[in-house]
Amino acid sequence: VQLQASGGGLVQAGGSLSLSCVASGRTFSRYDMGWFRQAPGKEREFVAAISTSGGSTYYRDSVKSRFTISRDNPKNTVYLKMNSLKPEDTAVYYCAAHGGSSWLRQSEYRNWGQGTQVTVSS
């Protein structure tokens with residue numbers, strides 16, 4: 001599966017953005033999916049993950065109650081709705097397909113998309 005993330009942009013603190021990640025191929029629904037981000041000078045970090053059916057989700061503590069991950073399997077798309085954005089959310093956001101046992105383990109993700117830039121101004 002190949003992934004294409006989009007929806008990033010420049011927003012003021014407190015604003016909202018919705019990211020999308022579209023997958024090619026017929027196997028999207030077989031994969032748990034994750035969103036990660038990488039800020040300048042920092043390591044890439046886990047943001048959120050969702051199970052194949054969408055019934056289970058998990059978030060890093062700093063985005064809980066502000067971000068929502070969802071998916072639409074017929075559309076081969078995973079979303080990340082981001083509300084109440086903060087300057088510290090500024091990063092390149094990536095989606096990836098998970099193939100392993102731990103959503104937090106980056107090495108278990110593959111087919112990383114090219115990323116989309118999110119910039120939050122104060």
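Heads up: numbering here begins at 1 and tracks the sequence.
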> Does Asn76 use its side chain to pair, donor to acceptor, with the backbone of Ala23 at less than 3.5 Å?
Replying inline: yes
> Side chains of Leu17 and Leu85: does their closest heavy-atom pair fall under 4.5 Å?
Replying inline: yes
> Step by step, would you call Met82 with Val63 a side chain to side chain contact (heavy atoms under 4.5 Å, CB included)?
Replying inline: CA-CA 8 Å; Met82 306 184 293; Val63 308; over 6 Å; no
>> Does either side chain, that of Arg60 or that of Ser62, offer a donor lying less than 3.5 Å from an acceptor on the other one?
In response: yes
> Any idea which heavy atoms bring Asp72 and Pro74 closest together, and the distance?
Replying inline: OD1-CD, 3.0 Å
> Hey, are the side chains of Trp103 and Glu108 touching, using non-hydrogen atoms and a 4.5 Å cut-off?
Replying inline: no
> Where does the angle between the aromatic ring planes of Tyr94 and Trp112 fall among parallel (under 30°), tilted (30 to 60°) and perpendicular (over 60°)?
Replying inline: perpendicular
> Is the side chain of Ser16 donor-acceptor paired with the backbone N or O of Asn83 at a distance under 3.5 Å, no angle test?
Replying inline: no
> What heavy-atom pair brings Leu19 and Tyr93 nearest, and what distance separates the two atoms?
Replying inline: CD1-CB, 3.6 Å
> Quick one: do the Tyr31 and Arg110 side chains pair a donor with an acceptor below 3.5 Å?
Replying inline: yes
> Can you check whether Phe36 and Phe46 have ring centres sitting under 6.0 Å from each other?
Replying inline: yes
> Does Gln4 reach the side chain of Gln114, with side-chain heavy atoms less than 4.5 Å apart?
Replying inline: yes
>> So does Glu88 get a backbone contact from the side chain of Thr90, meaning a donor-acceptor N/O pair under 3.5 Å?
In response: no
> Is the closest side-chain heavy-atom distance between His98 and Arg105 below 4.5 Å?
Replying inline: no
> Donor-acceptor pair, Gln106 side chain versus Arg44 backbone, under 3.5 Å?
Replying inline: yes
> Nearest heavy-atom pair of Gly8 and Thr116: which atoms, and what distance?
Replying inline: N-OG1, 3.0 Å
>> Let me check something: do Tyr58 and Tyr109 share a hydrophobic cluster, defined by ILVMFWY side-chain heavy atoms less than 4.5 Å apart, either directly or through other members?
In response: yes
>> Give me the atom names and distance for the closest heavy-atom approach of Ala97 to Asn111.
In response: CB-OD1, 4.3 Å
> Between Asp89 and Ser84, what is the shortest heavy-atom contact and its length?
Replying inline: OD2-O, 4.5 Å
>> Whether the side chain of Ser20 engages the backbone of Tyr79 through a donor-acceptor N/O pair (distance < 3.5 Å, no angle test) should be reported.
In response: no
>> Between Val47 and Tyr59, is the side chain to side chain contact (heavy atoms under 4.5 Å, CB included) condition met? List the steps.
In response: CA-CA 6 Å; Val47 176; Tyr59 302 88; 5.9 Å; no
> Is a side-chain donor or acceptor of Ser24 paired with a backbone partner of Gln2 at a separation under 3.5 angstrom?
Replying inline: yes
> If two hydrophobic side chains count as joined below 4.5 Å and joins carry through other members, does Val22 share a cluster with Ile69?
Replying inline: no
>> Do Lys75 and Phe28 make a side-chain contact, defined as non-hydrogen atoms from C-beta onward lying under 4.5 Å apart?
In response: no
